[in-house]
Structure formats: structure tokens, C-alpha cells
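This report concerns only the one structure given below.
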2 protein chains.
Amino acid sequence: MTTNQSESHVLSKSCQYALRAVVYIAAHSTTTHLVGAQEMADGLDIPKHFLSKILQQLTRNQVISSTKGPHGGFFLSKENERITIDRIVEIMDGPGLFKACVLGLPQCSSTKPCPLHFQAVEYRDGLYNKLKRLNIKELALVVHQENIKI
Amino acid sequence: MTTNQSESHVLSKSCQYALRAVVYIAAHSTTTHLVGAQEMADGLDIPKHFLSKILQQLTRNQVISSTKGPHGGFFLSKENERITIDRIVEIMDGPGLFKACVLGLPQCSSTKPCPLHFQAVEYRDGLYNKLKRLNIKELALVVHQENIKI
DNA sequence: TTAATAAAGGATATAAGGGTCTTTTATTAG
DNA sequence: CTAATAAAAGACCCTTATATCCTTTATTAA
């Protein structure tokens, strides 16, 4: 078989990194120790400079918090912890992912469905609704309780 | 909000084009009229040369059939019509799409799940199973009966 | 056999995502 | 105040997906 090897994906790499980073911060930051970009890059095996860009973006969008200087780093405020996962996906991959047609048809909708519309919508909305109801704190808690590797 | 505007997707553009093209061929080719690349490019509003590449790939993989020369073009053999949609996705986007972890973690599985594993799997496997059971002929029939725009 | 047609194939160009490097700004300890 | 630290910011590069162009091969009609 001849393939493209294009390896399509649901979430971009930036988004995958962002989600893992947020969970990492939740798991490793304490009042006495903020998590640094270097530490995170090592712990998650993500290129440091690329991760930094993503962390900047999350900070600008107030998904995570940061302080500069010695002993500086990233942490989660109470407000941050209540941010839901779909928001992170939206920031990293845009608002279209859970709304756009699988076949890329702009006019596709439930009244004018594309050939795969209902198949796709059923499962897409299912995932989306779960991400909308799951916030960072809850996600981090699950990861901790189930001892899940990130 | 500052976003990437990366507009992530489930299926690559090549794959979206491929699926639409296959349905187009099913709908428009007859024993007396084969569908040409130009006609398809116009009808589907896809760049002709890019579409040609995709059609070549589908032909090589025996998803569609073609003949050269005057009155040549693309059509579906009986064997082609029985090809299932997941096969087209596999050819265009590789075999990883419906198997890889949402967060890109290689070690993620049901026994060692990532934070989003079960949420994602439900979505992904559901769609995948439908695509595995839906062949080209059936898809084209639905499109025709429901008068769906492609 | 020749001209016309249309797919196949190869090479190349463009845009976006992914990744790296350097400089600037803010903070803290001494 | 100064030196050290670490995030913020901007410029840049590489790879891949997307898109285009040009040549070759196969087929048909005249």
C-alpha cells in the first residue's frame, strides 16, 4: 500500500503539549516550589523552547499563572484550576475543531448534513461535552488518584 | 484571546478531498460517461492538480479505477464499491489516526490510560467502527437518497 | 499513422506547524 | 545597587502538508 504517511491527528502537538503541561503544573507546583519551564521540559520530554512558547500563550490567556526571576515559574491560581479543558483546546487549536465538518464542508449542518455528519457529530459532541465539564483541578485529581503517567 | 489559529482537524485535507471525490465518482460516472479530473475539480471546488495527485493515489491503491485517453476518466468497479471508508482514511492519513493517543503518548492504552484516554476512545472507536462498516456504494446511496451536498 | 485527449508521474513552489536561538524584562538574594 | 535567575518576546529555521507545473504514457478517433 502507498500512503501519505501524513499522520493526521485530532489535537495539534502544541495542544497535546499544553494539556500535559497544565496537568504537570497542577501535580508539581506547591506554595514553596513553582514549576520551571526547564523542569517541565525534562519531565515531559518536550523541547524546552517550544514548550516555553506554549506556556507563554497559556499565561497570556490566563489558563496558568507565572512569576519571573529566581524561584519563579508556573503555578495555578484558584481561577486557573476552574478552567475547563475545552478552553485549552480552543486556545491552542482554535474554535473550529469541535464545530467544523469532518469533510471540511462549510455548509454542512444537521439540516444540510454531509455524508458523515451524523456519524461524526454523535461522537464528537460526546467528547466535547465531557471536555466542557472537566476542569483542570478535576483532571489533575483523576491523574493523581489513578496514578496516570503524563 | 490569542490563539494559534492552527485549526486542527480529524482528517487531513487530502483525505477530505479523497472521500468527496469517491462519492462524486459514484454519483456521476455511468457506463457511457467516465468522470474526468477536471470535471471533478470544478464540481467539488478542489484544485485540479492537487486532486489529480489524490486520484492517482486512490487508483494505485485500487480504491477507484481509471482509463486514459479520450473519454477516459475515473469510475468504480464492483470491487471498488465494496471498499469501506476506513480504508480510504487509512490510505490518506495513515493507520495511526484511529489508534494513536489523543495526547500523543506512545505508552497510552486501556491498562495505562492517559488523562483523556477513555473519553477519547469512546469518541474515536465509535466513529471508526461506523466507517469500517460503511462501504463506498452504501455511502453513495445515502448521499443520493438524502440529497446530500458534497 | 497521426492528432487529440486524459491519466500518470516527477519536480518544484508555497504555507503552516513545529522547533530553536537570542535579547529583553521582571524579580530576588546578597 | 548588582548579579543571578527565569519568564516574555521576537526573529529565525526546518519539516511537512498543500498546491502547481511540466513531461510522459496510454487510449481513441479520424
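In what follows, chains are A, B, ... by sequence order, proteins preceding strands, each numbered from 1. All heavy atoms count here, side chains included; hydrogens, waters and symmetry mates do not. No experiment lies behind these values; they were computed from the predicted model shown.
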Is there a side-chain contact (heavy atoms from CB on, under 4.5 Å) between Leu116(B) and Leu19(A)? Walk through the geometry before answering.
CA-CA 10 Å; Leu116(B) 298 177; Leu19(A) 292 171; 4.0 Å; yes

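If you check the side chains of Glu146(B) and His117(A), you find no donor sitting under 3.5 Å from an acceptor. Using modelled atom types, one finds no donor on one side chain facing an acceptor on the other under 3.5 Å when comparing Ser12(A) with Ser14(A).
The side chain of Ser14(B) lies closest to dT18(D), out of dT28(C), dT18(D), dA7(D). Checking dA8(C), dT18(D), dT5(C) against the side-chain heavy atoms of Gln56(B) singles out dA8(C) as nearest. Comparing dA8(C), dT27(C), dT20(C) against the side chain of His49(A) picks out dT20(C) as the nearest. Here dG18(C) is the nucleotide among dA4(C), dG18(C), dT5(D) with the atom lying nearest to any side-chain atom of Lys13(A). The side chain of Ser66(A) sits closest to dA8(D) out of dG9(C), dT20(C), dA8(D). With dA7(D), dA19(D), dG18(C) as the candidates, the nucleotide lying closest to the side chain of Phe50(B) is dA19(D). Nearest nucleotide to the Ser12(B) side chain, out of dA8(D), dA8(C), dT18(D): dT18(D). Between dA9(D), dA7(C), dT25(C), one nucleotide has an atom nearer to the side chain of Lys68(A) than all others, and that is dT25(C).
Look at CG on Leu34(B): it is 14 Å from C1' on dA26(D), rounded to the nearest Å. The interatomic distance linking Met40(B) (CE) with dA6(C) (C1') rounds to 12 Å, in whole Å. Spacing between atom CD of Gln38(B) and atom C1' of dT20(D) amounts to 13 Å, rounded to whole angstrom units.
Separating the CD1 atom in Ile54(B) from the NE2 atom in His49(B) is a distance of 13.0 Å, to the nearest 0.5 Å.
Distances shorter than 4.0 Å separate some side-chain N or O of Tyr17(B) from OP1 or OP2 on dA19(D). Phosphate proximity of dA8(D) to Thr59(A): present, with a side-chain N or O under 4.0 Å from OP1 or OP2. Between dA7(C) and Thr67(B), no contact under 4.0 Å exists linking OP1 or OP2 to a side-chain N or O.
Judged by atom type and distance alone, Lys53(B) reaches the base of dG9(C) through a side-chain donor-acceptor pair under 3.5 Å.
Of the two residues near DNA chain C, Gly69(A) and Pro47(A), the one whose nearest nucleotide lies more 5' is Pro47(A).
Other residues, nucleotides and ligands contribute at most 12 non-hydrogen atoms within 6.0 Å of the NZ atom of Lys13(B).
Within 4.0 Å of Ser52(B), counting heavy atoms only, lies no atom of the nucleic acid at all. Looking at heavy-atom distances under 4.0 Å, Lys48(B) makes no contact with the nucleic acid at all.
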